[in-house]
Asks: 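Here it is: the structure, laid out below.
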Amino acid sequence: MTESPDTAEVPAPPARTADWWREAVIYQVYPRSFADANGDGMGDLPGIRSRLPYLRDLGVDAVWLSPFYSSPQADAGYDVADYRVVDPMFGTLDDAVGLIADAHHYGLRIIVDLVPNHCSDQHEWFQRALSEGPGSRLRERFHFRDGKGEHGEVPPNDWESIFGGPAWTRTKNSDGTPGQWYLHLFAPEQPDFNWDHAAVRDEFATILRFWLDLDVDGFRIDVAHGMVKAAGLPDLGSLEQTKLLGNNATPSFDQDGVHEIYRSWHTILEEYDGQRIGVAEAWAPTLARTANYVRADELHQAFNFAYLATSWQANDLLSVIDDTLDAMRPVGAPATWVLSNHDVTRHTTRFANPPGLGTQIRTPGDPELGLQRARAASLLMLALPGSAYVYQGEELGLPDVTDLPDEVRQDPAYFRAAGQDGYRDGCRVPIPWTTTGPSYGFGTGGSWLPQPEAWASLSVEAQTGQAGSTLEMYRSALAVRSAHPALGAADNLRWCDSAQDVLVFERALDGGPVFTCTVNLTGAPITLTPPGRLLLASASVSLGPDHVVLPSDATAWWTTG
Ligand code: NOJ
């Protein structure tokens, strides 16, 4: 299964071409759940390295790796204890260097995750801040405060943790008496850095350079909208902190001061050859606010969470596509499109359920309908101008695992919210590679979260070479994108007149032919005059002499060329 880069037929390493990221398809690898080389049930870097040929053959341009750094794993690695060390559960720094080199050899770029809003409570600075006690200079690098109330027993303000409960935890003094409080917008094991402190800024500039020197092509920046807090940490009052999209800016998120950090990072990225990029994970309230993160002298891309949160409804999709393009155009940044990631219910399961349930859903809904819609949604996404993100396993049409036993769950939000929320483990179940074997080829041991038996038939092995499989549909779609770079690159989407709940848009391709994308959201089959030759469809299309029937919840691609 493993293909050595020394012997394989491989494309030339990625040219350090201008603006490669504007139309890139970027594949998210969640290291815990991609491939396990040492059989301990947990994915690792050597496992990812052995599967790079799969990613090359899939046709993606770049790979984003979720965190693999030294971490006690209180939040699956988003609690970093040492930003320059690979956690032994994932391998070694040599493995990371080898993975980056192999990826480049296969023509793939590597984006690593950077977690600058908070660290682990085991980080050396935080441990020293705790042990040195109130007045320690190290405490200034975090947000330590005395409590309110007669005995300091009330948290310093009313902020809530995104994972549930207060955003403050009280420390103990060395004599065991209750001490100061510290801020954590996420779990208590994730203390927030104080970005007003020069040492924090300097440290992250050094961390960026450390990974750039190891030749990474960019960074996905975790909680990119959180690092700067409103001066004085004022109360939230009536604002709802945990509802980010569509909210007003809160004192803890999307503060204007954060942009100065990105301007300084832009300068660092520019010091290196080959278009190294920064991608903002910024849950900003509006697309216009999201665009601020990708102004010409800041980051390069921002995840389009407004798109991710849009339900499978024609009007909503049309609006969010237009709003996105309109918001990005003035700042000259590419639009991005994303349907799934490691924090939300996979779109196969979201679309299997009625709209309006949000991005964390606990019910399987109608899985067949969900898959049909997910495939249609993926072809719609891949026909849009800009860059697209694919979350590992979506190319297999994996659903969320909605019936994980509570005792295997690890999402800290599940425990903080007493089981009321925090169902992210369902999208993190290790992916199936083969139809048999103890973990369907994920590794030789088990898997840290149990995989459903039905996943044998969704495995890479089962779908490879199967006409019409979801995997082959993705491969074909990415091949079309790479044959026609204008599909991703050109900002030339034009909506065509269409029946209600049918989305039709055209894109002029390089050299003259016109590409058309048709999406049927009517809930019933529709009959159309074909706008060209059928390139690809998410479901079987019946072709007549001068008409075609497109099933419901299906997308078709056409070309006049
Ligand atoms: C966003 C990450 O994607 C998520 O997994 C994590 O829990 C939070 N940020 C906190 O780091």
Side-chain angles (χ1 to χ4, degrees), residues 28-36 40-44 47 66-68 71-81 87 89-90 113 115 118 120-122 160-167 169 184-190 222-223 242 281 308 340-350 352-353 357-365 367 370 391-394 396 398-432 438-440 442-443 445-455 458:
Q28 182 189 355
V29 164
Y30 193 64
R32 291 173 143 240
S33 305
F34 191 64
D36 168 23
D40 65 356
M42 185 60 76
D44 47 40
S66 282
F68 49 79
S71 162
Q73 302 288 317
D75 183 20
Y78 282 95
D79 48 320
V80 181
D87 198 283
M89 73 187 253
F90 294 122
D113 222 306
V115 190
H118 47 262
S120 158
D121 62 351
Q122 298 307 307
E160 295 158 40
S161 152
I162 297 294
F163 291 162
T169 289
H184 51 84
L185 292 180
F186 294 87
E189 296 87 350
Q190 294 167 294
D222 190 63
V223 198
T242 49
E281 190 232 6
L308 183 149
S340 283
N341 65 30
H342 65 292
D343 288 332
V344 298
T345 301
R346 286 180 176 278
H347 61 281
T348 302
T349 300
R350 290 206 311 278
N353 279 282
L357 297 182
T359 53
Q360 284 204 44
I361 300 177
R362 278 181 268 169
T363 46
Y391 175 51
Q392 65 175 43
E394 80 173 61
L396 304 175
L398 296 185
D400 238 56
V401 181
T402 49
D403 59 354
L404 284 173
D406 291 347
E407 60 274 17
V408 303
R409 292 188 184 280
Q410 296 198 12
D411 182 352
Y414 176 78
F415 301 99
R416 290 277 293 173
Q420 293 309 299
D421 207 349
Y423 287 87
R424 297 179 299 172
D425 291 309
C427 64
R428 298 175 177 180
V429 174
I431 64 171
S439 52
Y440 304 110
F442 165 64
S447 83
W448 67 280
L449 287 172
Q451 301 153 299
E453 276 175 27
W455 281 19
L458 292 176

Asks: Of all the heavy-atom pairs spanning P67 and V115, show the shortest one and how long it is.
Replies: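 What the structure gives for the nearest pair is CG-CG2, 4.1 Å.
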Asks: What distance do E189 atom CD and T169 atom OG1 have between them, rounded to the nearest 0.5 Å?
Replies: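 Result: 8.0 Å between the selected atoms.
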Asks: Is a salt bridge present between R32 and D425, judged by a nitrogen-to-oxygen distance below 4.0 Å?
Replies: no
Asks: Kindly determine whether Q410 and L404 satisfy side chain to side chain contact (heavy atoms under 4.5 Å, CB included), including the steps that lead there.
Replies: CA-CA 11 Å; Q410 296 198 12; L404 284 173; over 6 Å; no
Asks: Hey, does L449 have a side-chain heavy atom less than 4.5 Å from the side chain of V401?
Replies: no
Asks: So which atom in I431 and which in F442 form the shortest heavy-atom distance, rounded to 0.1 Å?
Replies: O-CB, 3.8 Å
Asks: Please report the closest heavy-atom contact between E160 and A167, naming both atoms and the distance.
Replies: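 Shortest heavy-atom contact: C-CB, 3.6 Å.
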Asks: Indicate whether the side chain of S66 and that of Q28 have a donor and an acceptor atom separated by less than 3.5 Å.
Replies: yes
Asks: Please answer whether the main-chain N or O of P430 pairs with a side-chain N or O of S447 as donor and acceptor at a distance below 3.5 Å.
Replies: no
Asks: Test side chain to side chain contact (heavy atoms under 4.5 Å, CB included) on W455 and L398 and set out the steps.
Replies: CA-CA 8 Å; W455 281 19; L398 296 185; 3.8 Å; yes
Asks: Looking only at the side chains, is there a donor atom on one of Y78 and S71 sitting less than 3.5 Å from an acceptor on the other?
Replies: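 Absent: no donor and acceptor within the cut-off.
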Asks: When you look at R424 and D75, which way does the side chain to side chain contact (heavy atoms under 4.5 Å, CB included) test go after all the steps?
Replies: CA-CA 11 Å; R424 297 179 299 172; D75 183 20; 3.2 Å; yes
Asks: Which is it for E281 and N341 under the side chain to side chain contact (heavy atoms under 4.5 Å, CB included) test, yes or no, and what are the steps along the way?
Replies: CA-CA 11 Å; E281 190 232 6; N341 65 30; over 6 Å; no
Asks: Provide the closest heavy-atom pair for D36 versus G41 in the form atom of the first, atom of the second, distance.
Replies: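 Where D36 meets G41 most closely, the heavy atoms are OD2-N, 2.7 Å.
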Asks: Between R346 and V429, is there a side-chain heavy-atom distance shorter than 4.5 Å?
Replies: no
Asks: Can R416 be said to sit on top of F163's aromatic six-ring, NZ or CZ under 6.0 Å from centre and within 45° of the ring axis?
Replies: no
Asks: Look at the side chain of S340 and the backbone N and O of H347, then say whether any donor-acceptor pair between them is shorter than 3.5 Å.
Replies: yes
Asks: Can you list the residues that meet the ring-ring contact (aromatic ring centres under 6.0 Å, His included) rule with F90, with sequence neighbours excluded?
Replies: none
Asks: Any side-chain heavy-atom pair from I361 and R350 closer than 4.5 angstrom?
Replies: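 In short, these two side chains touch, coming nearer than 4.5 Å.
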Asks: Output yes when a side-chain donor or acceptor of D79 lies under 3.5 Å from a complementary backbone atom of A74, and no otherwise.
Replies: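 Yes, because the side chain of D79 sits within donor-acceptor range (under 3.5 Å) of the backbone of A74.
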Asks: Between D121 and P188, is there a side-chain heavy-atom distance shorter than 4.5 Å?
Replies: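 SC-SC contact between P188 and D121 ruled out.
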Asks: What are the two closest heavy atoms between D222 and D113, and how far apart are they?
Replies: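 D222 and D113 have their closest heavy atoms at CB-OD1, 4.0 Å.
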Asks: Over all heavy atoms of both residues, which pair between D40 and M89 is shortest? Give the atoms and the distance, please.
Replies: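 Between these two residues, the closest heavy atoms are OD2-O, 4.4 Å.
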Asks: Working to the nearest 0.5 Å, report the span between OH of Y423 and OG1 of T402.
Replies: 11.0 Å
Asks: Hey, can you tell me if Y30 and W448 have their rings parallel, tilted or perpendicular (30° and 60° cut-offs)?
Replies: tilted
Asks: Tell me, do P367 and P399 make a side-chain contact under 4.5 Å, heavy atoms counted?
Replies: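 In short, these two side chains do not touch, never coming nearer than 4.5 Å.
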Asks: Is any side-chain heavy atom of L458 closer than 4.5 Å to one of Y440?
Replies: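 In short, these two side chains do not touch, never coming nearer than 4.5 Å.
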Asks: Side-chain contact, heavy-atom cut-off 4.5 Å: T345 with C427?
Replies: no
Asks: Using a strict threshold of under 4.0 Å (side-chain N to carboxylate O), is an ion pair present between R428 and D343?
Replies: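 A salt bridge is present here (some side-chain N lies under 4.0 Å from a carboxylate O).
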Asks: Say whether, by atom type as modelled, one donor and one acceptor occur between the side chain of D87 and the main chain of F68 under 3.5 angstrom.
Replies: no
